[in-house]
Amino acid sequence: MGVWGGQARAACALAAYVSILGATAVSAQTVDELVAKHIAARGGEEKLKAIESIKITRTIATPFTSVQVVTFKKRPNLLRIEQTPKGQTESSVRGINGEAAWDVTQGKVVTRPDVVATEGREIDGDFDGLLVDWKAKGHTVTYEGKDKVGLNDAHRLKVTTKGGTVRDVYLDANTFLESQVTGRVRLPALNPRTKDHRFYTTTIVFSDYRDVNGVKFPFSIDEERIEGPITQSFAIYTDKIEVNVPMDDALFVPPGSAAK
């Protein structure tokens, strides 16, 4: 009984091991296939890489007011966002470059902590999107199965960035374009009780994809933020997307700093 019992246990363990290996291989194959389909749906790698800079003008509507947001992006991970509330002329500005992430509010420059800067550089500053060149970026992507986004089926991919930030990216099962992204966002301010950074959980839904220079971009975005300081909902409308606009690197450094 002991010998046969040991052999049975060994056989079961081997079968379980083979099953795990098989599931891992299928998952890796599925991720590669889905990412390839996603890139093709957006317009293909060649057209994506042909874009060196992007200027996006959007209007964000909240229950109380609206804000015009102009986003400047330049390869590899330069970002500048200017936000101007309706009826005002002064903008709040934040940016990301290779050295830091920073904010300008009421004329004062504040540099974000390193951990927040890393998250911003990997998420907001990513020029092509999390899934493009994810292996070269040092990210990990796993296939988490099918889910629903609204009434439509979507493939859920869990992305863990090199710096440890996690996002769930949902690809529409028919178009393979991003239909939703969820995750926790780290805020610069510390929680006075725990002395750790605050977070909020965001759900971003993309729709109304349109062709710009051969690449598809979402022109309608809805975002809901919960579990943070306050619950907020935003309806984001894209007014214009311009590609390959000349941008000097000095645009992406805080005022009073020299471009490197």
May I ask you to test the [X]-[Y] pair for a side-chain heavy-atom distance under 4.5 Å?
X: Arg184; Y: Val166; answer: no
X: Asn152; Y: Asn174; answer: no
X: Ile56; Y: Thr238; answer: yes
X: Phe217; Y: Ile54; answer: yes
X: Thr84; Y: Val67; answer: no
X: Thr231; Y: Arg225; answer: no
X: Trp134; Y: Val35; answer: yes
X: Thr182; Y: Tyr170; answer: yes

Closest contact, heavy atoms only, [X] versus [Y]:
X: Glu224; Y: Ser233; value: CG-OG, 4.0 Å
X: Ala41; Y: Thr175; value: CB-O, 3.1 Å
X: Lys158; Y: Glu144; value: CB-CG, 3.7 Å
X: Val149; Y: Ala154; value: CG2-CB, 3.8 Å
X: Glu178; Y: Tyr209; value: O-OH, 2.6 Å
X: Ile51; Y: Val215; value: CD1-CG2, 3.8 Å

Verify the cluster assignment for [X] and [Y]: are they in a single hydrophobic cluster under the rule of side-chain heavy atoms below 4.5 Å apart?
X: Ile204; Y: Leu79; value: yes
X: Ile221; Y: Leu131; value: yes
X: Ile60; Y: Ile81; value: yes
X: Leu130; Y: Ile96; value: yes
X: Val159; Y: Phe127; value: yes

So that I can tick it off, tell me whether [Y] and [X] are bridged by a salt bridge, with the cut-off set at under 4.0 angstrom between side-chain N and carboxylate O.
X: Asp126; Y: Arg121; value: no
X: Asp133; Y: Lys49; value: yes
X: Arg58; Y: Asp239; value: no

Does the [X] side chain pair with the main chain of [Y], one donor and one acceptor, at a distance under 3.5 Å?
X: Thr161; Y: Thr165; answer: yes
X: Asp153; Y: Lys148; answer: no
X: His139; Y: Lys162; answer: yes

Taking atom [atom1] of [X] and atom [atom2] of [Y], what is their separation to the nearest 0.5 Å?
X: Glu122; Y: Thr118; atom1: CD; atom2: OG1; result: 6.5 Å
X: Phe72; Y: Leu78; atom1: CZ; atom2: CG; result: 13.0 Å
X: Ser91; Y: Gln68; atom1: OG; atom2: CD; result: 8.0 Å
X: Ser53; Y: Leu251; atom1: OG; atom2: CG; result: 10.5 Å
X: Leu171; Y: Tyr143; atom1: CG; atom2: OH; result: 9.5 Å
X: Lys73; Y: Arg75; atom1: NZ; atom2: CZ; result: 10.0 Å

Exercise for review: Please report the C-alpha distance between Asn213 and Asn244 in whole Å, then the side-chain angles of each, then the deciding distance to 0.1 Å, and finally whether the side chain to side chain contact (heavy atoms under 4.5 Å, CB included) criterion is met.
Suggested key: CA-CA 10 Å; Asn213 210 58; Asn244 292 328; 4.3 Å; yes
Review point. Glu223 and Thr203: side-chain donor and acceptor closer than 3.5 Å?
Key: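 On atom types as modelled, these side chains do not qualify, holding no pair under 3.5 Å.
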Exercise for review: Could you walk me through whether Asp168 and Arg156 pass the salt bridge (Lys or Arg N to Asp or Glu O under 4.0 Å) test, one step at a time?
Suggested key: CA-CA 6 Å; Asp168 285 328; Arg156 180 160 65 98; 3.6 Å; yes
Exercise for review: Determine, for Phe252 and Arg80, whether the Lys NZ or Arg CZ falls below 6.0 Å from the six-membered ring centre while staying within 45 degrees of the axis.
Suggested key: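 Not flagged: Arg80 not positioned over aromatic ring of Phe252.
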Exercise for review: Examine Arg186 relative to Phe199 and say whether NZ or CZ is less than 6.0 Å from the centre of the six-membered ring and inside a 45° cone about the ring axis.
Suggested key: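 Checked: cation-pi criterion not met.
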Practice item. I would like to know whether Leu34 and Phe176 meet side chain to side chain contact (heavy atoms under 4.5 Å, CB included); could you show each step before the answer? Key: CA-CA 7 Å; Leu34 287 174; Phe176 297 100; 3.7 Å; yes
Review point. Can you list the steps and then say if Val70 with Lys55 is a side chain to side chain contact (heavy atoms under 4.5 Å, CB included)?
Key: CA-CA 7 Å; Val70 182; Lys55 179 183 178 182; 3.8 Å; yes
Point to revise | Arg167/Glu119 under salt bridge (Lys or Arg N to Asp or Glu O under 4.0 Å): CA gap, chis, key distance, verdict | key: CA-CA 11 Å; Arg167 291 290 183 272; Glu119 181 173 314; 3.8 Å; yes
Practice item. Answer yes or no: does atom NZ of Lys137 have more than 12 heavy-atom neighbours from other residues, nucleotides or ligands under 6.0 Å? Key: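 It does: Lys137 NZ has more than 12 such atoms within range.
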Exercise for review: Show the numbers, then the answer: is there a side chain to side chain contact (heavy atoms under 4.5 Å, CB included) between Lys216 and Leu177?
Suggested key: CA-CA 9 Å; Lys216 285 185 169 56; Leu177 296 170; 4.0 Å; yes
Check your understanding: Step by step, would you call Asp103 with Lys108 a salt bridge (Lys or Arg N to Asp or Glu O under 4.0 Å)?
Key -> CA-CA 8 Å; Asp103 300 81; Lys108 184 179 179 180; over 6 Å; no
